[in-house]
Amino acid sequence: MAAPLRLGLAGLGTVGIGVVQIVQKHADLLAARAGREVVITAVSARDRTKNRDADLSGYAWEVDPVALAQRDDVDVFVEVMGGHEGPARDATVAAIAAGKDVVTANKALLAHHGHGLALSAEAAGRVIRFEAAVAGGIPVIKALTEGLAANGMRRVMGVMNGTCNYILTRMEDAGLPYAQVFEEARQLGYLEADPNLDVGGIDAGHKLSLLAAIAFGTRVAFDSVELEGIGAIMINDIRHAADLGYRIKLLGVAQVTGRGLEQRMTPCLVPVSSPLGQLSGGTNMVVLEGDSVGQVVMRGAGAGMGPTASAVMGDVMDIARGMRMPTFGMPATQLAVPVAAAVTSASAWYLRMMLVDKPGALAKVATALGDAGISIHRMRQYDHTDAQAPVLIVTHKATRDDVNDALARMSKTGVVLGDPVALRIEEV
Ligand code: NAP
Ligand code: HSE
């Protein structure tokens with residue numbers, strides 16, 4: 001049997017302890033499948049005194065993750081600390097410089113620094129693997145880089161933030177307002193330390209940008225992802241959407257058109273009966289469309305100890321077996337610089353606004369839409385409160401630019417109170 005593969009594990013939180021548990025529980029299985037033992041030699045976290053519900057006595061402790069990454073008895077540096085600067089970045093850079101392979105669950109790190117890290121790793125003959133960074137336990141990176149490697153990818157899309165999907169489905173199921181469910185999610189420990197990473201769509205945007213890089217052979221372009229979070233979604237939006245036969249999902253779509261790379265992560269209405277519409281709770285779904293394979297749909301747990309550690313260990317097993325691949329599926333030096341393109345595809349739109357309840361108000365809104373070239377498909381006025389009238393409009397197909405134009409015109413009419421909500425209706 002070959003020499004054991006030795007892991008240095010930086011981070012002993014949800015994911016890190018999940019990795020410890022798999023290595024300890026499945027030692028024989030891992031050895032049989034990899035043809036060599038997989039062992040942890042050293043670990044690092046901030047607080048050595050914390051009770052972590054795991055036996056760490058057999059592992060050396062390093063206070064500094066950079067020192068851990070440089071240890072002679074470490075072959076693979078496993079980074080499960082998080083954060084796109086500071087220790088996670090410093091230790092990853094140090095690991096590559098010290099000749100170690102890297103496995104990480106850190107989408108923020110790769111969305112911000114993936115190209116530079118990939119260049120360094122490949123120049124040093126090292127690999128960086130990141131299955132756990134996108135859609136938790138779903139092996140979507142493996143599907144794109146291996147099973148679908150012979151396809152020209154047309155589109156990648158999906159629901160990739162379990163917390164947002166939990167909040168949206170819980171609002172619908174329990175009829176609760178956003179603020180109350182957000183608080184529930186916090187109590188359950190679902191939210192990232194900075195909740196805006198989840199509800200602002202940033203975490204899901206990180207994931208989409210990584211998938212797009214692999215799918216389209218481009219450098220990671222997180223900065224050009226059109227991002228919109230779920231914070232403006234009200235329980236009434238969810239009810240109205242349901243009345244119309246839709247559910248609201250934080251949906252990511254990336255594709256290359258004649259104009260360049262389009263990437264968006266925004267709340268959308270999807271048909272209740274579609275696979276995406278049926279997705280509930282913290283589950284993720286990724287849809288991959290290739291020119292030969294057609295559509296492939298993958299669904300599973302997008303977060304949590306077991307699923308995320310499963311993905312980390314899948315990467316470790318590939319390294320143990322000697323499977324080596326460039327970080328983004330082709331050499332980093334060959335990744336194209338993407339031309340960022342604004343999303344111009346037309347769709348129907350859901351518009352919800354509060355109007356002053358006075359004669360001619362609706363007519364002014366209809367005129368603003370008409371002047372922006374948008375045709376109204378359906379319109380409803382809901383229960384009035386005092387002098388305000390909540391209005392819901394479903395448009396015929398229009399582009400984002402047309403909708404922005406219409407919203408700008410509406411804001412000048414003096415009859416729209418607050419900011420209207422505009423959600424794309426995606427016929428997936
Ligand atoms: P977590 O529970 O907060 O754990 C983070 C761990 O990193 C803790 O053990 C912490 O030490 C350690 N750490 C933080 N800063 C450190 C430093 N400066 N030096 C040494 N150790 C440090 O986080 P997590 O949920 O496991 O997530 C880890 C990574 O996986 C993140 O990149 C996250 O985005 C990603 N991820 C998580 C999930 C999930 O379901 N949780 C899913 C997919 C991807 P202490 O314990 O001593 O504080
Ligand atoms: N905050 C992320 C989510 C964790 O809710 O999906 C998994 O990446």
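Note that this is a predicted model, so its numbers are computed, not measured. Read the numbers this way: they start at 1 and go in the same order the structure lists the ligands and their atoms.
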Legend entry - Those atoms of ligand 2 less than 4.0 Å from some heavy atom in Glu192: 1 (N), 2 (C), 4 (C)

Legend entry - Gly302 heavy atom under 4.0 Å from ligand 2: yes

Legend entry - For Ala303, atoms of ligand 2 separated by under 4.0 Å from a heavy atom: 4 (C), 7 (C)

Inset, instruction - Pick one of side chain, backbone, both or neither for how Asp198 approaches ligand 2, counting any non-hydrogen atom pair under 4.0 Å. - result: side chain

Inset, instruction - Test Gln255 against every option in Glu289, Glu262, Arg154 by the side-chain hydrogen bond (donor to acceptor under 3.5 Å, both in side chains) rule and name the one that passes. - result: Glu262

Legend entry - Numbered atoms and elements of ligand 2 in range of Asn161, under 4.0 angstrom, heavy atoms: 1 (N), 2 (C), 3 (C), 5 (O), 6 (O)

Inset, instruction - Using the side chain to side chain contact (heavy atoms under 4.5 Å, CB included) rule, pick out the option among Leu407, Val391, Asp419 that qualifies with Met353. - result: Val391

Could you go through ligand 1 and note, for every N or O atom, any protein N or O atom closer than 3.5 angstrom, writing the atom names and distance to 0.1 Å, or 'none'?
residue  : atom   : partner : partner atom : Å
ligand 1 : 2 (O)  : Thr14   : N            : 3.0
ligand 1 : 2 (O)  : Thr14   : OG1          : 3.4
ligand 1 : 9 (O)  : Leu12   : N            : 2.8
ligand 1 : 9 (O)  : Gly13   : N            : 3.1
ligand 1 : 11 (O) : Arg46   : N            : 3.2
ligand 1 : 21 (N) : Arg46   : N            : 3.4
ligand 1 : 26 (O) : Thr14   : N            : 3.2
ligand 1 : 26 (O) : Val15   : N            : 2.9
ligand 1 : 34 (O) : Lys107  : NZ           : 3.0
ligand 1 : 40 (O) : Gly304  : N            : 2.7
ligand 1 : 46 (O) : Lys50   : NZ           : 2.9
ligand 1 : 46 (O) : Arg52   : NH1          : 2.7
ligand 1 : 46 (O) : Arg52   : NH2          : 3.3
ligand 1 : 47 (O) : Arg46   : N            : 2.9
ligand 1 : 47 (O) : Asp47   : N            : 2.7
ligand 1 : 47 (O) : Arg52   : NH2          : 2.9
ligand 1 : 48 (O) : Arg46   : NE           : 3.1
ligand 1 : 48 (O) : Arg46   : NH2          : 3.0
ligand 1 : 48 (O) : Lys50   : NZ           : 3.1

Legend entry - Nearest-neighbour protein heavy atom for atom 5 (O) of ligand 2, which is reported as residue plus atom name and distance: Thr163 OG1, 2.6 Å

Inset, instruction - Answer yes or no: are there more than 12 heavy-atom neighbours, outside Arg380 itself, under 6.0 Å from its atom CZ? - result: yes

Inset, instruction - Measure from the ring center of Phe130 to the ring center of Phe328 and say whether it is less than 6.0 Å. - result: yes

Inset, instruction - Mind telling me whether His206 and His112 have parallel, tilted or perpendicular rings, with 30° and 60° as the class edges? - result: perpendicular

Inset, instruction - Please work out whether any backbone atom (N, CA, C, O) or any side-chain heavy atom from C-beta onward of Asn284 is under 4.0 Å from ligand 2, and answer side chain, backbone, both or neither. - result: neither

Legend entry - Distance-only polar pair, side chains of Glu79 and Thr104, donor-acceptor under 3.5 Å: yes

Inset, instruction - Provide the number and element of each atom of ligand 2 under 4.0 Å from a heavy atom of Lys107. - result: 4 (C), 7 (C), 8 (O)

Legend entry - Whether over 12 other heavy atoms sit under 6.0 Å from Asp243 CG: yes

Inset, instruction - Looking only at non-hydrogen atoms, find the nearest pair between Met81 and Ala10 and report the distance. - result: CG-O, 3.3 Å

Inset, instruction - Step through the shown structure and confirm whether more than 12 heavy atoms of other residues, nucleotides or ligands are within 6.0 Å of CG on Asp28. - result: no

Inset, instruction - Indicate the atoms forming the closest heavy-atom contact of Gly277 with Lys249, along with that distance. - result: O-CE, 4.1 Å

Legend entry - Closest protein heavy atom (residue, atom, distance) for atom 6 (O) of ligand 2: Gly162 N, 2.8 Å

